[in-house]
Participant: 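Would you mind keeping the following structure in view while I ask a few things?
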Amino acid sequence: MDKIAVISDIHGNLTALEAVVRNIRQRRIKRILCLGDLVGKGPQPAEVVDRIRELCEVTVQGNWDLGINRPQDKPAGQWQAERLGQERLDYLRTLPFSCELELSGKYIRLFHASAVSVDYRVLRKADKKEKRAMFELTDRIEAMYPERTPDVVIYGDIHIPFMQMLNAKPRTGLTLWNVGSVGLPYDGIAEACYGIIEGKTGPDPAPFGLQLVRVPYDIGQAIRVAEEAELPQLERYRTELETGLEFE
């Protein structure tokens, strides 16, 4: 059986990323996919970009990865862009929108936020119609892949992991899965979060599994890194790390 780790929303938190990587290595998983938002919010955007480029088989684009390439009129965005430098900005700007896999006879589509764009957010509390739309063919998807409805859609963006089965005629058993966030979970659990896909590569039916993993890490160290870097909006970042909740 093949095992693939899926990480998302690191947001410049290298401390959390390295804890997740250690856990992935302990499980002897060699393949890692990243669902974007490498940068923004956290103190080590350049280091995270460099590490993801070393680690990941495929990295798709997140809204922060695209947005940081736009003109920055706020100090926090300017701070992030300056630390990244032009070569890393170019890398983030040219990341693909989505990727696809076939495991145990299941067709799997992965992207950052939705099938529409990196900026269109689909919340856990969204209605079933909006969630079913995650499986539809859009202009962004059609440009890359043939017309085929996925059995499983995996995404990030909202920092809150969940899994839901959706019925959609004439097919049943569509699976929508959010793998949460490595760097800034917003579900009230102050631990890094990632997913594991398990199955057999190819179109033949075989056992298949999706597993969510929580990884504790040294939050105090992550905060010290942010303090030393003089991160803009430090108190917001500190509060989000310590509580596992989005700052209101």
Side-chain angles (χ1 to χ4, degrees), residues 1-69 80 83-85 87-103 108-114 118 140-141 144-145 150 152-159 161 177-185 191-199 201 209-215 217 222:
M1 300 289 284
D2 297 316
K3 291 186 178 182
I4 304 171
V6 184
I7 64 177
S8 188
D9 295 88
I10 299 94
H11 286 293
N13 187 344
L14 185 65
T15 307
L17 176 60
E18 293 296 0
V20 165
V21 171
R22 285 193 295 273
N23 186 263
I24 291 170
R25 298 306 188 217
Q26 288 167 2
R27 295 169 184 267
R28 301 182 185 277
I29 299 173
K30 296 181 179 179
R31 300 177 66 186
I32 306 176
L33 307 179
C34 179
L35 303 188
D37 272 8
L38 285 62
V39 305
K41 302 178 184 287
Q44 294 180 286
E47 293 87 344
V48 166
V49 168
D50 293 345
R51 192 73 171 109
I52 289 296
R53 292 171 83 169
E54 294 173 355
L55 292 167
C56 294
E57 178 179 317
V58 177
T59 299
V60 301
Q61 187 179 69
N63 55 295
W64 263 95
D65 307 321
L66 178 62
I68 198 64
N69 275 279
Q80 294 275 330
R83 275 149 185 79
L84 286 164
E87 194 276 334
R88 294 187 187 91
L89 288 169
D90 290 342
Y91 165 76
L92 295 171
R93 179 176 49 80
T94 57
L95 289 172
F97 178 74
S98 65
C99 67
E100 316 234 332
L101 302 169
E102 193 164 28
L103 288 175
I108 306 166
R109 180 171 294 152
L110 305 96
F111 43 65
H112 177 68
S114 74
V118 297
R140 297 298 302 270
I141 300 295
M144 299 179 67
Y145 299 102
V152 181
V153 163
I154 304 174
Y155 76 117
D157 182 54
I158 61 174
H159 299 217
W177 188 34
N178 190 289
V179 295
S181 170
V182 169
L184 282 173
E191 296 178 344
C193 187
Y194 79 100
I196 299 172
I197 314 170
E198 185 173 11
T201 299
L210 300 172
Q211 178 184 1
L212 194 71
V213 182
R214 303 306 293 243
V215 181
Y217 70 98

Participant: Parallel, tilted or perpendicular for His11 and His159, by the 30°/60° rule?
Facilitator: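 His11 and His159: tilted rings.
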Participant: Among residues at least two apart in sequence or on other chains, which ones pass salt bridge (charged side-chain N to carboxylate O under 4.0 Å, His left out) with Glu191?
Facilitator: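 None.
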Participant: Does the side chain of Ile197 reach to within under 4.5 Å of the side chain of Val152, using non-hydrogen atoms?
Facilitator: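 No - every pair of side-chain heavy atoms lies 4.5 Å or more apart.
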Participant: Give the minimum heavy-atom separation between Gly183 and Pro185, together with the two atoms involved.
Facilitator: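 Looking at all heavy atoms of both residues, the closest pair is C-CD, 3.8 Å.
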Participant: Within the structure provided, determine whether Asn178 and Ser8 are in side-chain contact (heavy-atom separation under 4.5 Å).
Facilitator: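 They are not in contact (no side-chain heavy atoms under 4.5 Å apart), so the answer is no.
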Participant: Evaluate the side-chain proximity of Val49 to Asp65: yes if any heavy-atom separation is below 4.5 Å, no if none is.
Facilitator: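 No, their side chains stay 4.5 Å or more apart.
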Participant: When you measure from the side chain of Gln80 to the backbone of Gly42, do you find a donor-acceptor pair of N or O atoms at a distance under 3.5 Å?
Facilitator: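 At least one qualifying donor-acceptor pair exists.
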Participant: Taking Gln61 for its side chain and Leu92 for its backbone only, find out whether a donor-acceptor pair lies under 3.5 Å.
Facilitator: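 The answer is yes, because a donor-acceptor pair under 3.5 Å joins these two groups.
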Participant: Grab the two heavy atoms, one from Leu33 and one from Cys99, that are nearest each other, plus how far apart they are.
Facilitator: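 Heavy-atom minimum between the residues: CD1-SG, 4.5 Å.
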Participant: Output the distance between atom CG (Asp50) and atom CD (Glu87), rounded to the nearest 0.5 Å.
Facilitator: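 The distance works out to 8.0 Å.
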Participant: Quick check: do Leu17 and Ile52 have side-chain heavy atoms less than 4.5 Å from each other?
Facilitator: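 Yes; the side chains approach each other to less than 4.5 Å.
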Participant: Looking only at heavy atoms, what is the nearest atom pair of Phe111 and Phe97, with distance?
Facilitator: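 Nearest pair, atom of Phe111 first, then Phe97: CB-O, 3.6 Å.
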Participant: Going from CD1 on Ile158 to NE2 on His112, what distance comes out if it is rounded to the nearest 0.5 angstrom?
Facilitator: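 If we round to the nearest 0.5 Å, Ile158:CD1 and His112:NE2 are 10.0 Å apart.
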Participant: Between Glu47 (side chain) and Gly12 (backbone), is there a donor-acceptor pair under 3.5 Å?
Facilitator: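 The answer is no, because no donor-acceptor pair under 3.5 Å joins these two groups.
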Participant: Considering all heavy atoms of both residues, which atom of Val48 and which atom of Leu38 are nearest to each other, and what is their separation?
Facilitator: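 Reported closest heavy-atom pair: CG1-O, 3.4 Å.
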Participant: Output the distance between atom CD (Glu198) and atom CD1 (Ile29), rounded to the nearest 0.5 Å.
Facilitator: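 With rounding to 0.5 Å, CD (Glu198) is 8.5 Å from CD1 (Ile29).
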Participant: Is the closest side-chain heavy-atom distance between Leu89 and Ile68 below 4.5 Å?
Facilitator: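 In short, these two side chains touch, coming nearer than 4.5 Å.
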Participant: A side-chain contact here means heavy atoms from C-beta on lying under 4.5 Å apart; do Val21 and Arg51 qualify?
Facilitator: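 Val21 vs Arg51: side chains touch.
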Participant: Can you give me the closest heavy-atom contact between Leu212 and Cys193, atom names plus distance?
Facilitator: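 Heavy atoms only, the tightest pair is CD1-SG, 3.5 Å.
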Participant: Rounded to the nearest 0.5 Å, what separation is found between the OH atom of Tyr217 and the CG atom of Asn23?
Facilitator: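 The CG atom of Asn23 is 14.5 Å from OH of Tyr217, to the nearest 0.5 Å.
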Participant: To the nearest 0.5 Å, how far apart are CG in Asp9 and NZ in Lys41?
Facilitator: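 Atom-to-atom, Asp9:CG and Lys41:NZ are 9.0 Å apart.
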Participant: Between Val60 and Leu110, is any pair of side-chain heavy atoms under 4.5 Å apart?
Facilitator: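 When only atoms from C-beta onward are counted, Leu110 and Val60 do not touch, as no gap falls below 4.5 Å.
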Participant: Arg31: what forms a side chain to side chain contact (heavy atoms under 4.5 Å, CB included) with it, not counting sequence neighbours?
Facilitator: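 Partners of Arg31 by the side chain to side chain contact (heavy atoms under 4.5 Å, CB included) criterion, ordered by chain and then number, come out as Ile4, Glu57, Leu101, Thr201.
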Participant: Mind checking the SG-CD1 spacing from Cys56 to Ile7? Nearest 0.5 Å is all I need.
Facilitator: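 Between atom SG of Cys56 and atom CD1 of Ile7 there are 4.0 Å.
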Participant: Testing the basics here: between Asn13 and Ala222, what is the closest heavy-atom pair and its distance to 0.1 Å?
Facilitator: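 Minimum heavy-atom contact is OD1-CB, 4.0 Å.
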